[in-house]
Amino acid sequence: IQLEKNIQSMMKYWGYNELYTYSFISQELIEKAGLHNRTHLRLQTPLTAEFTYLRTSLLPSLLDAVSHNQHITDSLSLFELSKVYLPQAQAALPDEHPYLVIANDSGFLTLKGLVEALFEEIGITNYARYEEASTFFHPKQSGSYQKSNDRLATFGTLHPALSAAF
């Protein structure tokens with residue numbers, strides 16, 4: 001928990017605004033982000049149609065927030081550090097993992113530098129950067145960082161098709 005607080009403080013110090021979104025998302029938002037509802041846990045008794053599934057990614061809610069707020073300012077720098085809920089085979093409750101998602105309009109290299117600065121500040125060293133294709137990110141402007149076969153981060157410029165959906 002202290003690490004999460006340190007990351008939140010760093011992001012705010014670097015000029016990012018913290019975003020708080022619900023842990024639940026709608027079928028519409030899942031589809032809009034190019035995800036499938038079968039990979040999400042469905043609530044048995046949702047309060048509304050907007051809160052039917054537990055999120056497995058922070059990205060759809062972030063993109064929704066950006067699309068609703070980009071007209072307010074010329075520059076957006078947002079982050080959310082919150083849990084996602086991953087289904088477990090043969091288990092009633094999901095695996096809960098904290099994730100960090102960052103959005104800015106400063107470009108790919110600025111984002112890459114931000115991720116590396118974050119690693120340095122929290123003491124992560126000896127990581128490797130890989131080119132990686134993702135449905136979320138532009139094929140020529142994306143990658144991931146790994147250490148000892150553990151993925152630390154996936155980053156990139158938003159894929160044009162996903163950008164057009166939002």
Side-chain angles (χ1 to χ4, degrees), residues 1-43 46-70 72 75-88 93-106 108 110-112 114-119 121-122 124 132-138 141-146 150-166:
I1 297 215
Q2 187 59 43
L3 176 61
E4 292 175 22
K5 288 181 180 182
N6 290 346
I7 291 170
Q8 288 170 317
S9 293
M10 281 184 275
M11 295 300 297
K12 290 174 187 176
Y13 180 77
W14 291 334
Y16 284 76
N17 292 307
E18 188 167 11
L19 181 67
Y20 294 95
T21 62
Y22 291 106
S23 297
F24 308 105
I25 60 174
S26 67
Q27 171 79 29
E28 177 187 356
L29 193 54
I30 290 170
E31 291 172 357
K32 196 173 183 181
L35 298 172
H36 301 285
N37 67 347
R38 67 180 175 273
T39 61
H40 291 73
L41 291 172
R42 188 177 198 290
L43 298 178
L47 295 174
T48 70
E50 291 179 336
F51 302 127
T52 305
Y53 296 91
L54 283 170
R55 64 184 175 199
T56 60
S57 171
L58 298 176
L59 195 57
S61 299
L62 175 78
L63 293 175
D64 194 46
V66 168
S67 72
H68 285 97
N69 290 288
Q70 63 188 355
I72 296 172
S75 177
L76 282 176
S77 297
L78 302 172
F79 79 95
E80 183 174 12
L81 178 57
S82 194
K83 291 183 180 176
V84 297
Y85 304 90
L86 306 173
Q88 299 184 82
L93 296 175
D95 245 354
E96 298 180 27
H97 296 279
Y99 275 74
L100 173 66
V101 64
I102 302 168
N104 68 35
D105 51 8
S106 301
F108 175 73
T110 300
L111 182 61
K112 178 181 169 286
L114 177 72
V115 172
E116 291 175 0
L118 190 59
F119 288 165
E121 289 293 325
I122 61 176
I124 295 176
E132 185 173 310
S134 166
T135 57
F136 289 130
F137 303 119
H138 190 286
Q141 295 182 348
S142 61
S144 68
Y145 289 101
Q146 296 181 6
D150 291 325
R151 181 175 304 176
L152 302 173
T154 302
F155 66 99
T157 301
L158 198 59
H159 193 287
L162 188 55
S163 182
F166 284 89

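Values in this document were obtained by computation on a predicted structure and should not be read as measured data. Residue indices begin at 1 and follow the sequence shown.
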Rounded to the nearest 0.5 Å, the NE2 atom of H68 sits from the CZ atom of F166 at a distance of 10.0 Å
Between T52 and S26, is there a side-chain heavy-atom distance shorter than 4.5 Å? no
What I'd like to find out is whether the side chain of N104 reaches to under 4.5 Å of the side chain of S77, using heavy atoms alone. yes
Is the shortest side-chain heavy-atom distance between M11 and L81 below 4.5 Å? no
Provide the closest heavy-atom pair for N69 versus A65 in the form atom of the first, atom of the second, distance. ND2-O, 2.7 Å
Would you indicate whether K83, at its atom NZ, is surrounded by more than 12 heavy atoms from other residues, nucleotides or ligands within a distance under 6.0 Å? no
In terms of heavy-atom contacts, does CD of Q88 have more than 12 from other residues, nucleotides or ligands at under 6.0 Å? yes
Can you tell me how far apart CG (L76) and CG (N17) are? Round to the nearest 0.5 Å. 8.5 Å
Close side-chain approach of L29 and Y53, heavy atoms under 4.5 Å: no
Check: S67 side chain, D64 main-chain N or O, donor-acceptor pair, under 3.5 Å: yes
Spatial distance of atom CG (L35) from atom NE2 (H40) [nearest 0.5 Å]: 5.0 Å
L158 versus F136, closest heavy-atom pair with distance: CD1-O, 3.5 Å
To the nearest 0.5 angstrom, please state how far the CD atom of E28 sits from the CG atom of N37. 13.5 Å
Plane angle bin for H159 and H138 - parallel if under 30°, tilted between 30 and 60°, otherwise perpendicular: tilted
Near Q27 CD, under 6.0 Å, is it more than 12 heavy atoms from other residues, nucleotides or ligands? yes
Where is the tightest heavy-atom contact between Y85 and T56, given as atom of each residue plus distance? O-CG2, 3.3 Å
List the atom of F119, the atom of L152, and the distance in Å for their closest heavy-atom pair. CZ-CB, 3.7 Å
Answer whether the closest heavy-atom distance between the side chains of L59 and L62 falls below 4.5 Å. yes
Check the orientation of Y145 and F155. Use parallel for under 30°, tilted for 30 to 60°, and perpendicular for over 60°. parallel
Taking C-beta and beyond as the side chain, do Y22 and R55 meet within less than 4.5 Å on heavy atoms? no
Using only heavy-atom distances, determine whether the side chains of T21 and E80 contain a donor-acceptor pair under 3.5 Å. yes
Looking at side-chain heavy atoms only, is the closest gap between E4 and L100 below 4.5 Å? no
With a 4.5 Å heavy-atom cut-off, do I7 and M10 have their side chains touching? yes
From S106 OG over to L111 CG, what is the distance, rounded to the nearest 0.5 angstrom? 9.0 Å
Closest contact, heavy atoms only, F137 versus S142: CB-CB, 3.5 Å
Could you give the distance from CG (L58) to CD1 (I25), rounded to the nearest 0.5 Å? 9.5 Å
Identify the two heavy atoms, one from L114 and one from W14, that lie closest to each other, and give their separation to 0.1 Å. CD1-CE3, 3.3 Å
